[in-house]
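Heads up: the structure comes next, in structure tokens.
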Amino acid sequence: MSNVTYQYIKTNKDVQTYINYADAALSSIGYTEHSNAHVERAAATAFMILDTLGYDERTCELAQIAAYMHDIGNVVNRAER
């Protein structure tokens with residue numbers, strides 16, 4: 001079984017495209033920066049919280065991946081504030 005890694009998600013061109021479009025969509029309705037700096041901060045924070053709570057490495061990484069991708073749905077699902 002192949003596991004998706006944080007490094008793979010972070011360097012995947014499709015994921016990056018969605019993040020860029022989500023940032024643009026949110027910016028167009030008045031939200032502040034939701035680009036790479038935002039998703040990387042969210043990912044690092046999620047990993048740190050679970051790591052501090054004693055979760056195993058893979059669970060921490062899955063939280064990191066989820067946090068990194070948490071705004072992608074805003075490309076198609078956010079019409080207003």
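Only heavy atoms go into these numbers, but all of them, side chains included; no hydrogens, no water, no symmetry mates.
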> How long is the gap from NZ on K10 to CD on E40, to the nearest 0.5 Å?
Replying inline: 4.0 Å

>> Going by the rule side chain to side chain contact (heavy atoms under 4.5 Å, CB included), which residues pair with Y8 if we only count those two or more places apart in sequence or in a different chain?
In response: V4, T5, N12

>> I'd like to check I19 versus H38 (side-chain heavy atoms, cut-off strictly below 4.5 Å). Are they in contact?
In response: no

> Could you give the distance from CD1 (I9) to CG (D14), rounded to the nearest 0.5 Å?
Replying inline: 10.0 Å

>> Quick check: is I65 connected to F47 through a chain of hydrophobic side chains (ILVMFWY, heavy atoms under 4.5 Å apart)?
In response: no

> Looking only at heavy atoms, which two atoms of A46 and A67 are closest? And how far apart?
Replying inline: CB-CB, 3.7 Å

>> Using every non-hydrogen atom in the two residues, find where Q64 and A43 come nearest and quote the distance to one decimal.
In response: O-CB, 3.4 Å

>> Can you list, by chain and residue number, the hydrophobic cluster partners of M48 when the side-chain cut-off is 4.5 Å?
In response: I49, L50, L53, Y55

> Which pairs with one or both residues in residues 50-66 pass salt bridge (charged side-chain N to carboxylate O under 4.0 Å, His left out), sequence neighbours excluded?
Replying inline: R58-E61

>> Can you list everything that forms a ring pair (Phe, Tyr, Trp, His ring centres under 6.0 Å) with Y6? Sequence neighbours excluded, please.
In response: Y68

